Amino acid sequence: MSVRVRFAPSPTGALHIGGVRTALYNYLFAKKNHGIFILRIEDTDQARYVPGAEEYILDALRWCGIEPTEGQGYGGKLGPYRQSERKAVYREAALQLVESGKAYYAFDTEEELDRMRARLADAGVAAPKYDASVRMEMRNSLSLDPLEVTDLLRAGTPHVVRLRVDPGKQVVYRDLIREEVRFDTTELDDKVLIKADGMPTYHLANVVDDHHMDISHVIRGEEWLSSTAHHLLLYEAFEWSPPRYAHLPLIMRPDGKGKLSKRDGARFGIPVFPLSWKGDTAEESFTGFREFGFEPEAVLNFLAFLGWNPGTDQELFSLDELVEAFDLGRVHRSGARFDMDKALWFNHQYIKQRPVQEIVSKLKPLVEARGWLWDERKCLEIVPLFTERVNLVSEIPDAAGYLFSELRTMDEEAVRKHWKPELGPVISELVKILEAVEPFEAQALEQAAKAGFQSLNVKPGQILPILRLALAGGLQGPGVFQMLQILGKQGLSRIRTFVARD
RNA sequence: GGCCCGUUCGUAUAGAGGCCUAGGACGCCUCCCUUUCACGGAGGAAACACGGGUUCGAAUCCCGUACGGGCUACCA
């Protein structure tokens with residue numbers, strides 16, 4: 001059997017990172033099995049439709065490097081791949097079900113539905129729902145006189161189409177991740193298939209499309225597990241054979257209290273979306289992984305390990321390696337918390353391995369945004385010194401600011417600790433020695449300085465911290481002579497200025 | 001509340017009845033390297049939710065309890 005999987009997001013806003021992981025797992029499964037990865041846009045909720053969301057989804061997948069081989073924006077024979085353009089297909093499918101008695105028209109208004117639920121709740125029913133026990137008391141084509149139904153329909157009375165769920169039956173299926181899952185149809189309601197606006201609900205559209213698009217495996221989040229029973233019932237009603245299902249564990253908030261939501265980004269100071277999203281308000285705008293400074297490969301690697309592992313000690317995987325190692329059977333069943341520290345660690349590993357030139361290119365806009373002069377040659381020297389010291393490229397401007405521009409801050413406490421006025425003349429002498437060094441490079445500078453320490457009869461440990469403070473304003477950073485090489489003679493001026501201060 | 005799914009160090013996880021004195025990773029702590037930070041190296045603290053079974057033997061199988069999560073819309 002050929003493998004065809006789909007990622008089917010709703011364009012209701014930015015694509016959530018959990019959605020990206022679902023897309024990733026679908027992608028990995030497809031590639032691993034030489035199958036097709038399809039993108040379908042599930043825009044059946046007109047009220048929640050957000051302009052630009054579809055484009056965002058495409059952009060996000062492209063940035064991550066997990067592009068579909070078929071679907072919206074990628075072409076294919078089984079389209080259209082946007083559900084709003086497939087209304088006729090759903091309408092026809094629903095009609096077919098009504099005709100075969102598997103579905104029915106329902107004319108109940110919102111108020112009538114509320115009243116029914118309230119009545120049931122008052123009667124002590126634990127889970128009030130539109131099902132076999134109440135449907136004959138409601139206004140639908142099963143309870144009403146056929147002539148009246150015809151009249152209502154002809155008069156254009158607002159109505160929905162509901163699936164007729166027969167109680168007392170078991171729905172059992174074997175989930176690729178969770179093994180056997182079973183439901184009793186008595187617990188299930190008569191799900192709406194076609195809404196009053198003529199649009200299909202997720203359930204109908206999903207099943208109809210998965211069938212028509214020849215989907216072999218449905219890999220989706222755990223939030224869909226409960227409705228799988230209805231989906232299976234739909235396949236049965238259509239007399240179609242269902243795909244295999246795999247329900248992924250959810251990505252949870254860092255504190256474990258519920259699934260990660262867009263609001264958690266601000267709450268925990270973490271990215272929740274791959275790319276930044278500009279909403280109507282500040283509250284509806286979000287910073288993405290990309291804008292945080294994450295590498296897409298690191299994000300994918302991190303995401304892959306949220307709920308899955310290869311069973312070996314290897315943690316760093318390229319996308320190709322993930323494809324090779326991926327196995328749905330090794331996906332976990334329980335939710336996985338978002339761990340920012342681990343995400344940063346992954347990014348650090350990637351930054352360290354990246355070609356310097358690539359990091360430099362990413363750094364350029366960040367440096368320019370600060371109004372600092374861009375010096376590519378200098379940057380090429382700076383970057384390798386900092387990829388070991390930061391987790392994100394975006395941290396480099398702050399970490400290396402004193403190399404890009406003037407010294408702005410001074411750790412006065414450290415100065416008090418290391419600076420002694422009597423060292424002034426010694427350092428001045430040392431500066432003279434360094435001034436003459438040719439070429440003005442770290443290694444030569446270090447040699448000259450070491451010799452200077454001896455002839456001036458001082459210990460390196462006394463002088464070097466001071467030089468560091470003079471150059472960087474703090475006690476951290478790359479080697480003193482590496483910094484000096486980058487700063488050039490200007491670095492010596494910093495030292496002179498420092499000695500002369502008071 | 002009901003239904004469904006889950007539960008190994010703080011976190012993500014290894015573990016498919018004896019290999020477990022429960023392993024490695026991130027984070028944390030100590031030490032080494034070093035002019036500092038980082039990198040690297042060496043150590044350390046840290047977990048099988050609980051209670052019953054089954055078995056010669058259970059983190060692994062079964063049942064119950066507790067806890068957590070998902071769903072419970074004419075949203076996906």
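The structure presented is a predicted model; accordingly, all values stated were derived computationally and were not measured. Order of the sequence lines sets the chain letters (A, B, ...), proteins ahead of strands, with each chain counted from 1.
Summarising the base pairing, C3(B) is matched to G70(B) through a Watson-Crick or G-U wobble pair whose two defining distances lie under 3.5 Å. Pairing of G18(B), defined by two Watson-Crick or G-U wobble distances under 3.5 Å, is identified with C56(B).
In this structure, Ser334(A) reaches the sugar-phosphate backbone alone: every heavy-atom distance under 4.0 Å involves primed, P, OP1 or OP2 atoms, never a base. Across all strands shown, Gly307(A) has heavy atoms under 4.0 Å from sugar-phosphate atoms exclusively, and none from any base.
For G40(B), one of the phosphate oxygens OP1 or OP2 lies less than 4.0 angstrom from a side-chain nitrogen or oxygen of Lys352(A). One finds no side-chain N or O of Lys191(A) lying less than 4.0 angstrom from the OP1 or OP2 phosphate oxygen of A73(B). Using a 4.0 Å cut-off, some side-chain N or O of Thr44(A) falls inside it from OP1 or OP2 of A76(B). Residue His332(A) places at least one side-chain N or O closer than 4.0 Å to OP1 or OP2 of A14(B).
For Arg337(A) against U11(B), no side-chain N or O and base N or O form a donor-acceptor pair under 3.5 Å. Interface remark: the Arg333(A) side chain does not form any donor-acceptor pair with the C5(B) base, using a distance-only criterion of under 3.5 Å. Within 3.5 Å, no donor on the side chain of Arg178(A) pairs with an acceptor on the base of C5(B), nor the reverse.
Nearest nucleotide to the side chain of Lys257(A), out of G69(B), C74(B), G2(B): G69(B). Distances were taken from every side-chain heavy atom of Leu306(A) (C-beta onward) to each of A76(B), A12(B), U36(B); the shortest belongs to A12(B). Nearest to the side chain of Asp341(A), among G27(B), A14(B), G2(B), sits G27(B). With U36(B), A76(B), G15(B) as the choices, the nucleotide that has an atom nearest any side-chain atom of Arg330(A) turns out to be G15(B). Checking G6(B), C39(B), C71(B) against the side-chain heavy atoms of Glu223(A) singles out C71(B) as nearest. Side chain of Arg48(A), nearest nucleotide from C75(B), G70(B), U11(B): C75(B). Here C74(B) is the nucleotide among G27(B), C37(B), C74(B) with the atom lying nearest to any side-chain atom of Val192(A). Of the candidate nucleotides C39(B), G24(B), G69(B), G69(B) has the atom lying nearest to any side-chain atom of Glu222(A).
Where Val480(A) and Glu179(A) each meet RNA chain B at their nearest nucleotide, the meeting point lying more 5' is that of Glu179(A). For the pair Ala343(A) and Arg117(A), both in contact range of RNA chain B, the more 5′-proximal nearest nucleotide belongs to Ala343(A).
Checked for salt-bridge contact, Asp189(A) and Lys191(A) meet the test: a charged N lies under 4.0 Å from a carboxylate O.
More than 12 heavy atoms of other residues, nucleotides or ligands shown are found within 6.0 angstrom of CD on Glu85(A).
Between His203(A) and His231(A), the two ring planes are tilted [angle within 30° to 60°].
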